[in-house]
Amino acid sequence: MEEPRSYTSRGEGEVPRRRSTSGERRRSASSAQRSRSSGTGEQPPRRSGEGTHRSPSSRRRRRRGGMAAAGAALYVVIVIGVSVLLAAVGWICAGDVLALNKPSMSAEVVLPPDYFTEREVTVKGEDGKPDTTKTVYEADVGKVAGLLKEKGFIEYKPVFKLFCTMTKAKTKMAPGTYQLNTDMDYRALISALGSKSASKAEISVTIPEGYSVEQIFALLEEKGVATVADLNDMAANHDYKFEFLEGIPLGDPKRLEGYLFPDTYRFYINENPLYAINKMLANFSKMVTKEQRDALKAEGKSLRDVIIIASMIEKETDGTDQAMISSVIYNRLNHLGAGTNGYLQIDATLVYINGGNQPTEADKAIDSPYNTYLYAGLPAGPISNPGSAAIWAAMNPKSSDYYYYALGKDGLHHYSRTYNEHQAFLNSLPKE
């Protein structure tokens, strides 16, 4: 059946237009689509900008990717730079620690006592239990590092201080004078600055028999062992753990008079005064044996009285008649009814209190517990540090009935039983 035609108003000569059916519209759309997909035929016009610009989100992703890559590269550069720097610093520090490439040089280094602090520690006995105490000295590693840098043995004080902390070196060093060289690494330097170091400068000092504490300390200062002030302080105030010093109060350097044994010693230059004094006391303990001390106790005698007597014997004789001088002293002490009435009247005690001068008549009136002319019995303490022979003579006096002695022009002592005999001998001497 023929479809009805539609007519519109048109001008003359126009062709009438037919309405498209739905099937035709579908065929037309399909045909256009095939044309686009096959690449043949005419392409539909593109919108302005289509296919030539990326979206804003795409651009942001690209910028972030570029920044991340740059940051990673910078991080790598920084890590490498820091690693190189640390390696360089480490190598420089290692060179100082190991004493590499240092110019050859040796010098004397002095660690004074004020670089150290004193501390008491408990020492375990053989059974593992706390037994005795001993004194240890801890170094101020900052001061030590400063001194070593000043002398040219180290370059970096903080590195040396850190090394000392890691190796617990502050208790391994001791006061003294040491000979060091630049071949020594940190470990060798610390070892060389120890109390038992072979690098420590030593000196031999002979202490004569009969020297007083004052004379001994002056000699040690002269030899560079320690100062008189430090020695006096350590003698007066340190509680030395020796049985023979028990009961002698602290506070006076003369408390050690009689116990600093005369001998030849090897001391370190700038020795710790405690060690120097302890060395002499230990020698006394060795020379006056425990067996001798126990024997004196068994006889009811006092070691201190023996040492006081020995100190006077040492100053009164030339070493040839000590046992006889000892007998005179004991006779006066033990026979109070004799003409001497217990007064020893020994000139050496006057010398001890008058400053070492030749005694005079006026000195006999000096009010001192050491004045044996003014006070009967033994003086307050030893007047010198006696040697072995004088101590032996004080322990083993000769048996005699002499109460007096005097030095003749022949350089020998002459002994008398009575005061009249003694005066007769003195009157026989040529007048000066």
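Every heavy atom of this structure was used, including side-chain atoms; hydrogens, water molecules and symmetry mates were not. All values reported here derive from a predicted model rather than from experimental measurement.
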Which atom of [X] lies closest to which atom of [Y], heavy atoms considered:
X: A365; Y: L374; result: O-CD2, 4.2 Å
X: L111; Y: L147; result: CD2-CD2, 3.7 Å
X: P113; Y: P273; result: CG-CD, 4.5 Å
X: P386; Y: P262; result: O-CD, 3.3 Å
X: T264; Y: S204; result: CG2-OG, 3.4 Å
X: I216; Y: M280; result: CG2-SD, 4.1 Å

Any chance you could lay out the side-chain contact (heavy atoms from CB on, under 4.5 Å) test for L245 and L256, step after step, and finish with the verdict?
CA-CA 8 Å; L245 295 178; L256 300 184; 3.9 Å; yes
pair [X]-[Y]: side-chain heavy atoms closer than 4.5 Å:
X: Y373; Y: D347; result: yes
X: I269; Y: Q179; result: no
X: P379; Y: I308; result: yes
X: I207; Y: L260; result: no
X: L350; Y: I366; result: no
X: V351; Y: K315; result: no

Report yes or no: does [X] contribute a side-chain atom to a donor-acceptor pair with the main-chain N or O of [Y] at less than 3.5 Å?
X: Y178; Y: L193; result: yes
X: S428; Y: F425; result: yes
X: S199; Y: L180; result: no
X: S416; Y: Y404; result: no
X: D233; Y: A229; result: no
X: D321; Y: M324; result: no
X: D185; Y: A188; result: yes

To the nearest 0.5 Å, tell me how far [X] [atom1] sits from [Y] [atom2].
X: L98; Y: R187; atom1: CG; atom2: CZ; result: 10.0 Å
X: N232; Y: F217; atom1: CG; atom2: CZ; result: 6.0 Å
X: Q322; Y: E314; atom1: CD; atom2: CD; result: 6.0 Å
X: R417; Y: H422; atom1: CZ; atom2: NE2; result: 14.5 Å
X: I325; Y: Y405; atom1: CD1; atom2: OH; result: 4.5 Å
X: T320; Y: H413; atom1: OG1; atom2: NE2; result: 8.5 Å

Pair Y375, D367 - check side-chain hydrogen bond (donor to acceptor under 3.5 Å, both in side chains), show working.
CA-CA 9 Å; Y375 295 97; D367 189 2; 2.6 Å; yes
If you count heavy atoms of other groups shown closer than 6.0 angstrom to NZ of K172, is the number above 12?
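More than 12 within 6.0 Å, yes.
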When you look at NZ of K364, are more than 12 heavy atoms from neighbouring residues, nucleotides or ligands closer to it than 6.0 Å?
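It does: K364 NZ has more than 12 such atoms within range.
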Determine whether the aromatic ring centres of F267 and Y265 lie less than 6.0 Å apart.
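Ring centroids of F267 and Y265 are less than 6.0 Å from each other.
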Show your working on side-chain contact (heavy atoms from CB on, under 4.5 Å) between I391 and F261 and close with a plain yes or no.
CA-CA 11 Å; I391 294 173; F261 197 82; 4.2 Å; yes
So, applying side chain to side chain donor-acceptor pair (under 3.5 Å) with T349, which one of D363, T372, N371 is it?
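Of D363, T372, N371, side chain to side chain donor-acceptor pair (under 3.5 Å) with T349 is met by T372 alone.
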Test applied, side chain to side chain donor-acceptor pair (under 3.5 Å); reference residue, N385; option that passes from Q215, E257, E209:
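Of the listed residues Q215, E257, E209, the side chain to side chain donor-acceptor pair (under 3.5 Å) partner of N385 is E257.
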In terms of relative ring orientation, are Y137 and F116 parallel, tilted or perpendicular, with 30° and 60° separating the classes?
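It falls in the perpendicular class, over 60°.
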Parallel, tilted or perpendicular, judged at 30° and 60°: which one describes the rings of H238 and Y240?
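Rings of H238 and Y240: perpendicular, as their planes differ by over 60°.
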Would you be so kind as to tabulate the donor-acceptor pairs closer than 3.5 Å made by side chains of residues 157-171, with sequence neighbours excluded?
| from | atom 1 | to | atom 2 | distance (Å) |
| --- | --- | --- | --- | --- |
| T165 | OG1 | K161 | O | 3.0 |
| T167 | OG1 | F163 | O | 2.8 |

What do the steps show when you test S384 against S311 for side-chain hydrogen bond (donor to acceptor under 3.5 Å, both in side chains), and what is the final call?
CA-CA 5 Å; S384 73; S311 73; 4.6 Å; no
Let's go through M105 and F153 carefully: what are the C-alpha distance in whole Å and the side-chain angles of both, what is the deciding distance for side-chain contact (heavy atoms from CB on, under 4.5 Å) to 0.1 Å, and is it a yes or a no?
CA-CA 9 Å; M105 183 266 291; F153 293 107; 4.1 Å; yes
Distance-only check: which donor-acceptor pairs under 3.5 Å involve side-chain atoms of residues 329-338, not counting sequence neighbours?
| from | atom 1 | to | atom 2 | distance (Å) |
| --- | --- | --- | --- | --- |
| Y330 | OH | A394 | O | 2.6 |
| N331 | ND2 | S327 | O | 3.2 |
| N331 | ND2 | S400 | O | 3.0 |
| N331 | ND2 | Y402 | O | 2.8 |
| R332 | NE | Y403 | O | 2.7 |
| R332 | NH1 | Y343 | O | 2.9 |
| R332 | NH1 | L344 | O | 3.2 |
| R332 | NH1 | Q345 | OE1 | 3.1 |
| R332 | NH2 | Y403 | O | 2.8 |
| N334 | ND2 | Y330 | O | 3.2 |
| H335 | ND1 | N331 | O | 3.1 |
| H335 | ND1 | Y403 | OH | 3.4 |

Residue that, paired with L220, satisfies side-chain contact (heavy atoms from CB on, under 4.5 Å) out of L231, I277, V228:
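For L220, the side-chain contact (heavy atoms from CB on, under 4.5 Å) check succeeds only for L231.
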Show, in sequence, the C-alpha distance, side-chain angles and deciding distance for T227 and D230, and conclude whether the side-chain hydrogen bond (donor to acceptor under 3.5 Å, both in side chains) test is met.
CA-CA 5 Å; T227 66; D230 288 341; 3.1 Å; yes
Before accepting this row, confirm whether a basic side-chain N of the pair D96/K102 lies closer than 4.0 Å to the acidic partner's carboxylate O.
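Looking at D96 and K102, the cut-off is met.
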Can you give the donor-acceptor pairs under 3.5 Å from side chains of residues 296-303 to other protein atoms, not counting sequence neighbours?
| from | atom 1 | to | atom 2 | distance (Å) |
| --- | --- | --- | --- | --- |
| K297 | NZ | E243 | OE2 | 2.8 |
| E299 | OE1 | K301 | NZ | 3.4 |
| S302 | OG | R304 | N | 3.2 |
| S302 | OG | D305 | N | 3.3 |

Checking side-chain contact (heavy atoms from CB on, under 4.5 Å) for the pair I346/E316: CA distance, chi angles, key distance, verdict?
CA-CA 8 Å; I346 291 178; E316 285 285 293; 3.5 Å; yes
